Amino acid sequence: MKPKIRQAKAENVNLDCLLSGYDYELPPGLIAQNPAVPRDSSRLLVVDSPETAKTIPPLHHIFRDLSELLKPGDLLVMNNTKVIPARLYGCKSTGAGVEVLLLEERRHNCWLALVKPGKRFTVGSEIIFTAGKDGKQQELRATVVESDPETGGRLLQFDLPAAVPLVQVLGKFGQIPLPPYITASTAADEQYQTVYADVQGAIAAPTAGLHFTPELLEKLRSCGINQAFITLHVGVGTFRPVEVEDITTHAMHEEWIEVPPDTVEQIRATQAAGGRIIAVGTTAVRALEGAAQSGDLQPYVGKTNLFISPGYKWQVVEGLITNFHLPRSSLLMLVSALIGRERLLEIYQQAIAAEYRFYSFGDAMLILPEGKSIKL
């Protein structure tokens with residue numbers, strides 16, 4: 001029996017613009033709780049040209065087949081952000097328990113955070129975090145200095161010496177935050193980091209990159225498939241749900257990105273030589289396209305709130321490696337912009353029928369440049 005795709009029942013309405021047009025039903029058993037071991041043994045659904053798709057369904061591979069599916073001269077662009085131990089458990093001075101999820105640093109050692117229970121934390125409230133090892137107890141304090149209406153969060157000023165950044169001590173007090181739909185995982189912290197994670201700052205992993213191993217990266221290089229890096233610190237913009245029915249009015253939360261000059265040079269050289277730009281993950285897409293909004297890709301350091309949905313005019317990205325995303329999410333809309341919403345939902349239907357594993361620890365899709373929607 002085919003899984004059902006729920007669609008909005010409106011007539012003469014462009015479902016590409018409606019939140020309800022991005023809904024689908026996923027059996028709970030297909031939500032991956034642990035990653036594949038080894039990483040590159042995950043399944044890989046390959047999306048080819050729309051014309052081929054009329055007669056040939058998506059091809060089923062293993063991720064380590066990637067070197068056979070790409071071409072010499074192609075360039076993989078990867079996000080080298082590193083997940084920080086952003087979830088902390090502390091207490092108020094009264095002893096009441098508190099859960100904190102750090103989102104981003106606004107100024108030195110002052111972080112925007114989601115706090116539970118949040119309503120009780122007015123300006124001036126103090127949170128105390130403790131850590132102990134070998135009989136030694138350490139303490140970290142933070143004070144609420146401001147509320148953030150956009151996220152419902154709080155700005156926490158951490159009491160640390162000026163020369164000590166919070167990320168330097170987080171390993172003692174915090175935990176790597178797994179998404180809420182991962183409820184029964186036995187994964188080690190390093191399994192929620194890419195093997196090329198380098199720049200600390202994300203609160204969630206760029207999960208399309210979790211499938212790569214050092215051996216696969218080396219094999220790709222030996223096949224003439226090159227690699228370049230950007231940084232996007234995955235934050236609330238990536239995982240916050242879209243809450244408006246008219247998605248054209250959705251406002252993305254800003255996330256910090258860096259597209260360095262050497263990556264821009266690699267991309268230009270690849271394009272000049274006839275190679276193809278393959279983004280590894282939706283975060284790499286947003287960084288590259290965000291740095292090209294002037295119409296020409298340029299080195300960039302700053303923030304982007306770029307929201308990509310069907311009708312978007314692509315500037316840089318030609319192909320994409322991505323995981324399977326949540327219903328009604330901005331990530332599902334981004335991938336729909338590449339290959340078309342109806343086609344993507346049909347591919348998801350086929351993936352569900354074939355029992356692919358979904359979400360952060362799940363399997364992957366490779367959308368080849370030939371797979372981009374012919375309407376774009």
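Model, not experiment: these values are computed from the prediction.
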Problem - Charged N-O contact under 4.0 Å between D40 and R64 - result: yes
Problem - Salt-bridge contact K303-E104 (side-chain N to carboxylate O under 4.0 Å) - result: yes
Handout entry: Test item: side-chain donor near acceptor, E289 and Y312, under 3.5 Å
Key = yes
Exercise for the section: Run the salt-bridge test on E370 and R276 with the 4.0 Å N-O cut-off and return the result as yes or no. Expected result: yes
Handout entry: Check: S125 side chain, T122 main-chain N or O, donor-acceptor pair, under 3.5 Å
Key = yes
Handout entry: M333 side chain near V242 side chain, heavy-atom distance below 4.5 Å
Key = yes
Practice task
Check the side chains of D246 and T249 for a donor-acceptor pair under 3.5 angstrom, ignoring hydrogens and angles.
Solution key: no
Exercise for the section: Answer yes or no: is there a side-chain heavy-atom contact under 4.5 Å between V37 and Q191? Expected result: yes
Problem - Within 6.0 angstrom of E139 CD, more than 12 heavy atoms from elsewhere - result: yes
Exercise for the section: Output yes when a side-chain donor or acceptor of R357 lies under 3.5 Å from a complementary backbone atom of G29, and no otherwise. Expected result: no
Exercise for the section: Using only heavy-atom distances, determine whether the side chains of T207 and Y359 contain a donor-acceptor pair under 3.5 Å. Expected result: no
Practice task
For Y348 and H325, test the side chains for any donor-to-acceptor distance below 3.5 angstrom and give the result as yes or no.
Solution key: no
Exercise for the section: For the residue pair T130 and Q137, establish whether any side-chain heavy-atom pair is separated by less than 4.5 Å. Expected result: yes
Problem - Side-chain ion pair, E99 and R87, N-O less than 4.0 Å - result: yes
Exercise for the section: Nearest 0.5 Å please: distance from the CG atom of L76 over to the CG atom of L70. Expected result: 5.5 Å
Handout entry: Sidechain N-carboxylate O distance under 4.0 Å for E146, R154
Key = no
Problem - Distance-only donor-acceptor check, side chains H211 and D363, under 3.5 Å - result: no
Handout entry: Passing option when T231 is tested against T81, N80, N79 for side chain to side chain donor-acceptor pair (under 3.5 Å)
Key = N80
Handout entry: 4.5 Å side-chain heavy-atom contact, V47 and R343
Key = yes
Exercise for the section: Answer yes or no: is there an ion pair linking R221 with E218, defined by an N-O contact shorter than 4.0 Å? Expected result: yes
